[in-house]
There are 2 protein chains.
Amino acid sequence: MTYRLPPLTTLRLFEAAARLMSFKQAAEELGLTPSAVSHGIQTLEDWLGVRLFIRYNRGLDLTEAGQAYLPQVSEALASLARATDAVPGRRPSGKLSVSCASTFAARWLLPSLPRFQARHPEIQVSMDTRFRQVEFPRDGIDVAIRLAAGPWDGLHALKLEEEWLVPVCTPAMAETISSCADLARATLLHNVSVSTDWAYWFATKGEPEIEPARSSRFDTIQMVLDAAISGLGVGIGRLPLVQRDLDSGRLAMVLGPPIPSRTAYWMVCARESLARPEVRAFRDWLRSELPLSRAG
Amino acid sequence: MTYRLPPLTTLRLFEAAARLMSFKQAAEELGLTPSAVSHGIQTLEDWLGVRLFIRYNRGLDLTEAGQAYLPQVSEALASLARATDAVPGRRPSGKLSVSCASTFAARWLLPSLPRFQARHPEIQVSMDTRFRQVEFPRDGIDVAIRLAAGPWDGLHALKLEEEWLVPVCTPAMAETISSCADLARATLLHNVSVSTDWAYWFATKGEPEIEPARSSRFDTIQMVLDAAISGLGVGIGRLPLVQRDLDSGRLAMVLGPPIPSRTAYWMVCARESLARPEVRAFRDWLRSELPLSRAG
DNA sequence: GGATCGGATGAGGCGCGCTCACCCGAGCCG
DNA sequence: CGGCTCGGGTGAGCGCGCCTCATCCGATCC
């Protein structure tokens, strides 16, 4: 006699579908067709003898049974994933998945990665910029690099570097700006998602907020910096993110020195992941790269 | 991105093989061939990139990795089994697995079962006498009936009836026994596995232990009672177990009244199992049959 | 009313996981 | 020593389970 368990593969389908509340999205996540998800969940429901989902023509709902089942299945699968990741002595898989913001990927990680690859050619790094927040171990990410203040409950976290804010523009434009008043004649570049950057900077400097001649708004920090590089105006740069652009002369600081942001870059991962040599290697390499703003 | 999980079906193989420390036995338990277990575990080991077992030509050992992995896999599977059993509103499976001692099965449960079947013809009851102790939910048992003193940590338990001890023999032989001294001329029937029955009875009666003319020893309580019924001697009977034999005149009590044993019959099951209608039905029926010693 | 979108359904095919047959090496016995 | 037994490993082959494909369905949105 043994555990009475439903077909275990169907539990993954159920978990994904219930979490995403969509067969279609679950299928995408699992690399299957929606049809496979539908079939699989039906198999599970038949085995259980109870419906787990209420199907509307558009969208889903969990039945009472599904609601009761989901958290326990989730927890069990997560627990298996953690345990599996932490099996001691596993032959390195040679793969490492790093989650970070696309800005950080483009401005720091991607340019620095060759040095990591030189040291560890056997590790195949994939960068993943889809998540703003990673759920370990569910999202299949090994390491996340995040701009935040902490704390990091139950996770391994390594503080990389404080973040600093400073206005940046092209070196040519920088010649024309020596006081806050000069900003009135410039175009200020704003980021719609972190729209308080300039206000915070003015406040910290103890200066009244300037009403500039013109201002532009961009979707991402990345685009603000690209705009500044193109000479479209003055944006708030973040150190160490723009360090490379400052070093290369594509950007110049104005009205320095930089003021501290209230956040820092952290490397975060599940404690168990440290058992994996790839993760240790990446953490050790990150440490050796500190400070991130060091010329690379 | 999703949980990075090994082929889940192989985890069942691993759990069973590690628990039983044998591919062969695991295969038997799972209804597979040893070859399938071997293949499956190899698949898991390949996926993990680490050996879980050390293979000797005879027998197995867990590697360090296996030792670390096993408890977590066990717990996760058990947790899934519990959650699955407890899914609310499941259509009744129509099956119920009852574990009890073979003596109880033969002397009480089997004869009484027709009444349960009459009330619940839709439930297919299987009796299982393999386990002395059941591990819920691993052994696939719904309900266990046990002679014990309790307590029952974390389980649902229903006390059925106290157990009583009394010497029994054929009615004809009973005519010849009216005092403890008469036992000296009789054959005392002993059970090798519960060899203190007679000693406990004499001590409780406050009588010195008789050295009988002859004594016989049997492997099981069942055989002791059969021997008594066949007129081979006087055995210690247990109420309510022998109630039926007393009622039918196949056995008679001597030197009564019965003395209390220190144990009682209990019905035990996992709390979650009470969600299942089959389990509730069985418990309710057992309650309605109380006292077990009632003529049936 | 046509387009779209998400899920259901049935047929079909591919691949995984199982079985079968055989090998291997250790221990046990005569 | 030699043959037997016993438990696990291995490779070939097959069948079934699971997935895909194609199509249908009903609701919702223009």
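Letters go in sequence order (proteins before strands), and every chain restarts at 1.
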Could you state the atom-to-atom distance from CD1 of A:I54 to C1' of C:dA8 in whole Å?
17 Å
OP1 or OP2 of D:dT10 versus the side-chain N and O atoms of B:Q42: is any pair under 4.0 Å?
yes
Check this for me, if you would: do A:R271 and A:D85 make a salt bridge, where the nitrogen-to-carboxylate-oxygen distance has to be below 4.0 angstrom?
no
Atom-to-atom span, CZ of B:R51 to P of D:dG8 - whole angstrom
14 Å
From CG of B:D46 over to C1' of C:dG17, roughly how many Å is that when rounded to an integer?
14 Å
We want to know whether B:Y3 and A:T84 form a side-chain donor-acceptor pair, criterion being a heavy-atom distance below 3.5 angstrom.
no
Rounded to whole Å, the CG-C1' distance (B:L11 to C:dG17) equals 15 Å
No-H, no-angle donor-acceptor pair, A:S35 side chain to C:dT9 base, under 3.5 Å:
yes
Taking atom types as modelled, find out whether A:S74 and A:R138 have a side-chain donor-acceptor pair closer than 3.5 angstrom.
no
Measure CG/B:L13 against C1'/C:dC18 and give the value in whole Å, please.
11 Å
Can you tell me how far P of C:dT19 sits from CG of B:L32, to the nearest Å?
5 Å
Using a cut-off of 4.0 Å on non-hydrogen atoms, how would the nucleic acid contact of B:T43 be classed: base, sugar-phosphate, or nothing?
nothing
Closest to the B:F23 side chain: C:dA8, D:dG9, C:dG17?
D:dG9
Check whether any side-chain N or O of B:S38 sits under 4.0 Å from OP1 or OP2 of D:dG8, and answer yes or no.
no
I need the CE-P distance between B:M21 and D:dG8, as an integer number of Å.
11 Å
What I want to check is whether an N or O donor and acceptor connect the side chain of A:H39 with the base of D:dG17 at under 3.5 Å.
no
Protein-nucleotide distance (B:L20, atom CG; D:dG7, atom C1'), rounded to Å
14 Å
Is the shortest side-chain N/O distance from A:R55 to OP1 or OP2 of C:dG6 below 4.0 Å?
no
Counting C-beta onward and ignoring hydrogens, is there a side-chain heavy-atom pair between B:E29 and B:R19 closer than 4.5 Å?
yes
Quick check: on DNA chain C, is the nucleotide nearest A:K24 upstream (toward 5') of the one nearest B:T33, or the reverse? Name the residue that is more 5'.
A:K24
Check whether any side-chain heavy atom of B:R82 lies under 4.5 Å from a side-chain heavy atom of A:Q72, and answer yes or no.
no
